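Just so you know, ligand 1 is whichever comes first in the structure, and atom 1 is the first atom listed for that ligand. Source: prediction; values computed, not measured. Along the sequence shown, the residues carry numbers beginning at 1.
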Amino acid sequence: MRNNLVVIGSGTMGRGIAYVGAVGGLHVKIVDIKKEALESAEAEMTHVFKKAVKRGKLSSTQVEAAKRRLSYDVDLVEAVKTADLVIEAVPEIREIKKKVFETIDIHAPESCYFATNTSTMSPTEIASFTKRPEKVIAMHFFNPVHKMPLIEMIRGLETADETVEIVKRISGIMGKETVVVNEFPGFVTSRISTLVGNEAFYMLQEGVGTPEEIDKAIKLGLNFPMGPFELVDLVGLDARLNNLKYLHEKLGEKYRPAPLLEQYVKAGRLGRKVGKGVYDYTEK
Ligand code: NAD
């Protein structure tokens, strides 16, 4: 496999995946339907590059080389024509993902592998949107991608061993560890983290404590690196709600989204990305 990576979706996750790909030496094209999203992705990656130089993790020469390996596009059809691997990071909505996979299946080379960064959905079903199910796998990255060491790989029913090996190698190039797990809604990590995060919203709704108190209790009492509200603000409350809705449908009552979470999403309090989620990040 050559080294042309296309990342679809330049939101919270896509920009992080593009960043670690470029730093690892891959040629990365990042595609979004919104030009503003691409501009915001470029600005954020520039910021992360600057911090990496400041902290001595990358030299300025490495950053310049990585930046040269990055390009931006709004034309998905054109972008995938020379792709070796496509990683999809569009919203967790079945119809959007279906359309994307149907499109890239037509326009990407036959040799190209496809990965989805879905948090919860079935890679078998996603593979069924294509005529190359043996070349499709889930690569579940964690947020923020440049800091989190793991990629959870989930095989679909027809994923070939070769696909697992290729994607493991690419994960290594991106500087990541991998686990390979079998398909079940929510895999390992989303199944646990959505449950913890949802329970925290129920506690907040019941008046058990303030967000600060609940976060502090979980961090210092249970040794979690972040509190559930700090984490959901980073993940995006809308993204979390979509995951919960899917797991509620597939795994039952224990994943019913907390009404307070739904209310925050309706109010547009989607997390850090908009300046306000459970916490307020706007400068007073
Ligand atoms: P996001 O909303 O931040 O970004 C999604 C991007 O996709 C947006 O910029 C949007 O304009 C773009 N987009 C929408 N439709 C498109 C299309 N047809 N073609 C190209 N671009 C399109 O979402 P996110 O939080 O980055 O999540 C993306 C995926 O990653 C989801 O499946 C989510 O479940 C998963 N995920 C998210 C997190 C997290 O912490 N946010 C963690 C792991 C996995």
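Nearest protein neighbour of atom 29 (C) of ligand 1, counting heavy atoms only, is Val90 O, 3.3 Å. For atom 32 (O) of ligand 1, the closest heavy atom belonging to the protein is Glu92 OE1, 2.5 Å. Taking atom 44 (C) of ligand 1 as the reference point, the nearest protein heavy-atom neighbour is Ser119 OG, 3.1 Å. Given atom 41 (N) of ligand 1, the protein heavy atom at minimum distance is Val235 O, 2.9 Å. In terms of protein heavy-atom proximity, atom 30 (O) of ligand 1 is nearest to Asn117 ND2, 3.0 Å. Counting only heavy atoms of the protein, atom 2 (O) of ligand 1 lies nearest to Lys273 NZ, 4.3 Å. Summary of contacts: the protein heavy atom closest to atom 15 (N) of ligand 1 is Ile33 CD1, 3.5 Å. Shortest contact from atom 27 (O) of ligand 1 to any protein heavy atom: Met13 CG, 4.1 Å.
With a 4.0 Å cut-off on non-hydrogen atoms, Thr116 does not touch ligand 1 at all. At a heavy-atom distance under 4.0 Å, no atom of Asn242 approaches ligand 1. In His140, the part holding a heavy atom less than 4.0 Å from any atom of ligand 1 is the side chain. Here Thr118 has backbone heavy atoms under 4.0 Å from ligand 1, and that is the only part of it that gets that close.
Of all heavy-atom pairs spanning Leu241 and Pro257, the tightest one is CD1-CB, 3.5 Å. Heavy atoms only, all atoms of each residue included: Lys131 and Pro133 are closest at C-CD, 3.4 Å. Shown here for Ser190 and Leu247, the closest heavy-atom pair between the two residues is O-CD1, 4.2 Å. The heavy-atom pair separating Ile104 from Arg132 by the smallest distance is O-NH2, 4.2 Å. Val28 and Ala22 make their closest contact through CG2-N, 3.6 Å (heavy atoms, listed as atom of the first residue, atom of the second, distance). The shortest non-hydrogen separation linking Ser119 to Glu92 is N-OE2, 3.2 Å.
Ligand 1 has Lys97 within reach: a non-hydrogen atom of the residue lies less than 4.0 Å from it. Ile8 counts as a contact of ligand 1, since one of its heavy atoms falls under 4.0 Å from the ligand. The shortest separation from a heavy atom of Gly236 to ligand 1 is not under 4.0 Å, leaving the residue out of contact.
Residues Tyr113 and Glu162 bring a donor and an acceptor atom of their side chains to less than 3.5 Å of each other. Side chain to side chain, Glu102 and Thr130 fail the donor-acceptor criterion of an N or O pair below 3.5 Å. A donor and an acceptor atom, one from each side chain of Asp238 and Tyr264, are nowhere located under 3.5 Å apart. Side-chain N/O atoms of Ser40 and Arg15 include a donor and acceptor closer than 3.5 Å.
Ligand 1 places these atoms under 4.0 Å from at least one heavy atom of Phe141: 42 (C), 43 (C). Ligand-side atoms of ligand 1 in range of Asn143: 39 (C), 40 (O), range being under 4.0 angstrom from any heavy atom. Those atoms of ligand 1 that come under 4.0 Å of a heavy atom in Ile96, given as number and element, are 15 (N). For ligand 1, the atoms closer than 4.0 angstrom to any heavy atom of Ala37 are 9 (O). Within ligand 1, counting atoms from 1 as listed, the ones closer than 4.0 Å to a heavy atom of Gly11 are 3 (O), 4 (O), 6 (C), 9 (O), 26 (O). Numbered from 1 in the order shown, with element, the atoms of ligand 1 that lie under 4.0 Å from a heavy atom of Val100 read 18 (N).
One hydrophobic cluster, built from ILVMFWY side chains closer than 4.5 Å, holds both Met121 and Val136. Linking ILVMFWY residues whenever their side-chain heavy atoms come closer than 4.5 Å, directly or via other members, leaves Tyr281 and Leu231 in distinct clusters.
Across Thr189, Asp32, Ile17, heavy-atom proximity to atom 9 (O) of ligand 1 is greatest for Asp32.
Among the atoms of Glu88, none of the N or O lies under 3.5 angstrom from an N or O of ligand 1. Considering backbone and side-chain atoms alike, Pro91 places every N or O at 3.5 Å or more from each N or O of ligand 1.
For the pair Lys219 and Phe224, the cation-pi test (distance below 6.0 Å, angle within 45°) is failed.
Side chains of Val31 and Val7 form no contact here, defined as non-hydrogen atoms less than 4.5 Å apart.
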For Ile170 and Leu26: C-alpha separation, side-chain torsions, deciding distance, then whether side chain to side chain contact (heavy atoms under 4.5 Å, CB included) applies.
CA-CA 9 Å; Ile170 296 291; Leu26 304 174; 4.1 Å; yes
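Within the 4.0 angstrom cut-off, atom 23 (O) of ligand 1 has no protein heavy-atom neighbours.
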